[in-house]
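The next block holds one structure in the form of structure tokens; read it before the comments.
FYI, the numbering just counts along the sequence from 1. Because only heavy atoms are used, hydrogens play no part in the values below, and waters and symmetry mates are left out as well, while side chains stay in.
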Amino acid sequence: MSKKSKVTFDPKKFLTKVGDGKTIAKYQKDQIVFSQGDVAAVVFYIQKGKLKLSVISERGEEAVIAILGPGHFFGEGCLNGHGLRVATTTAIDECTITRIDKAAMIATMHKEPEFSELFMAYLLARNGRIEEDLIDQLFNSSEKRLARLLLLLANFGKEGRPQPIVGKISQETLAEMIGTTRSRVSFFMNKFRKLGLIEYNGKLEVHNSLLNVVLNDKPEVRTRDASIST
């Protein structure tokens, strides 16, 4: 009598199905998923759509710190002992989001190594993105920061070519994310359009050629070894 083969665990399929401690919710444009200061007890996974993460200072100033899309986790700070949300997440367009209770998330990571690998890969990629954002903010001009942000929003490099940016992202939001003014963003967006690097056609389309703006005079981070003469 032959033994039954073990069913392979598919982490992405797991994230798109309802189960113990796991639900799926739909959010409309401009709907808040959670607010800064809310109790943190759930991890979220985006199946469809985009949302923005924003923080509000004690003086009431708001800043957009990230825009997330399909395949991104968020709210994972609850796994690290954060009892309250440190940011507000708002849907930019219609979103389908998986909600995973903290206990179910921890149990799945212990039980299913494939899921742990997927989640770890996300965390490492996000950490690399944060480091790149810091370098970008410190060394690049606002024009190059905007070009890089548009390429990231269009998922450049993930599907072979940039994808149309679905959902209206205001110039104010873009300005907040790269640390400049709306007027500067407007100036550079018009420049990119006139040069044929982007198109407006009901939705924003980014061309591969926009990468040249980022690559020209790309800053080099000097390493300690490089600073020591031989």
Quiz item: Any cation-pi pair here, Lys22 with Phe14, using under 6.0 Å and within 45°?
Solution: yes
Quiz item: Taking the side chain from Ser57 and the backbone from Glu61, do they hold a donor-acceptor pair closer than 3.5 Å?
Solution: yes
Quiz prompt | Side-chain donor or acceptor of Gln31 paired with backbone N/O of Gln28 under 3.5 Å | solution = yes
Quiz item: So if you build clusters from Ile, Leu, Val, Met, Phe, Trp, Tyr with side-chain heavy-atom gaps below 4.5 Å, do Leu53 and Leu79 land together?
Solution: no
Quiz prompt | Shared hydrophobic cluster, Tyr122 / Ile130 (ILVMFWY, side-chain heavy atoms < 4.5 Å) | solution = no
Self-check item: Ser183 versus Ser186, side-chain donor and acceptor atoms under 3.5 Å
Solution: no
Listing, residues 32-39 side-chain donor-acceptor contacts under 3.5 Å, not counting sequence neighbours, or none:
residue: Gln36; atom: OE1; partner: Ile56; partner atom: N; Å: 2.8
residue: Gln36; atom: NE2; partner: Ile56; partner atom: O; Å: 3.2
residue: Asp38; atom: OD2; partner: Ser35; partner atom: N; Å: 2.8

Exercise. Report, as yes or no, whether the 6.0 Å neighbourhood of atom CG on Asp20 holds more than 12 heavy atoms from other residues, nucleotides or ligands.
Key: no
Self-check item: Flag, side chain of Lys29 to backbone of Ala91, donor-acceptor distance under 3.5 Å
Solution: no
Practice problem: State which residue, out of Arg145, Glu172, Gln171, fulfils the side chain to side chain contact (heavy atoms under 4.5 Å, CB included) condition with Val185. | Solution: Gln171
Quiz item: Same cluster for Leu151 and Phe192 if Ile/Leu/Val/Met/Phe/Trp/Tyr side chains link at under 4.5 Å?
Solution: yes
Quiz item: In this structure, which one of Thr90, Thr89, Ile65 forms a side chain to side chain contact (heavy atoms under 4.5 Å, CB included) with Lys52?
Solution: Thr90
Quiz item: Hey, are the side chains of Ile24 and Lys17 touching, using non-hydrogen atoms and a 4.5 Å cut-off?
Solution: no
Exercise. Verify, without hydrogens or angle tests, whether Asp10 (side chain) and Lys12 (backbone) share a donor-acceptor contact under 3.5 angstrom.
Key: yes
Quiz item: Has the side chain of Glu176 got a donor or acceptor atom that lies under 3.5 Å from a matching backbone atom of Val64?
Solution: yes
Quiz item: Below 4.5 Å, heavy atoms only, C-beta onward: do Asn190 and Arg193 meet side chain to side chain?
Solution: yes
Quiz item: Should Val43 and Leu118 be counted in the same cluster of Ile, Leu, Val, Met, Phe, Trp and Tyr side chains packed under 4.5 Å apart?
Solution: yes
Exercise. State yes or no: are the ring centers of Phe44 and Phe73 separated by less than 6.0 Å?
Key: no
Practice problem: Test Arg148 against Asp136 for salt bridge (Lys or Arg N to Asp or Glu O under 4.0 Å), laying out the working first. | Solution: CA-CA 9 Å; Arg148 176 175 174 269; Asp136 190 40; 3.6 Å; yes
Practice problem: Determine, using the 4.5 Å side-chain heavy-atom cutoff (strictly less than), whether Ile67 and Leu210 are members of one ILVMFWY cluster. | Solution: yes
Quiz item: Within the distance-only criterion (no hydrogens, no angle test), does the side chain of His72 pair as donor or acceptor with the backbone N or O of Gly69 below 3.5 angstrom?
Solution: yes
Quiz item: Is a side-chain N or O of Thr108 found less than 3.5 angstrom from the main chain of Ala104, in a donor-acceptor match?
Solution: yes
Quiz item: Any side-chain heavy-atom pair from Leu150 and Leu197 closer than 4.5 angstrom?
Solution: no
Practice problem: Output yes when a side-chain donor or acceptor of His207 lies under 3.5 Å from a complementary backbone atom of Gly196, and no otherwise. | Solution: yes
Quiz item: If you look at every heavy atom in Gly179 and Gln137, which pair is closest and at what distance?
Solution: CA-NE2, 3.9 Å
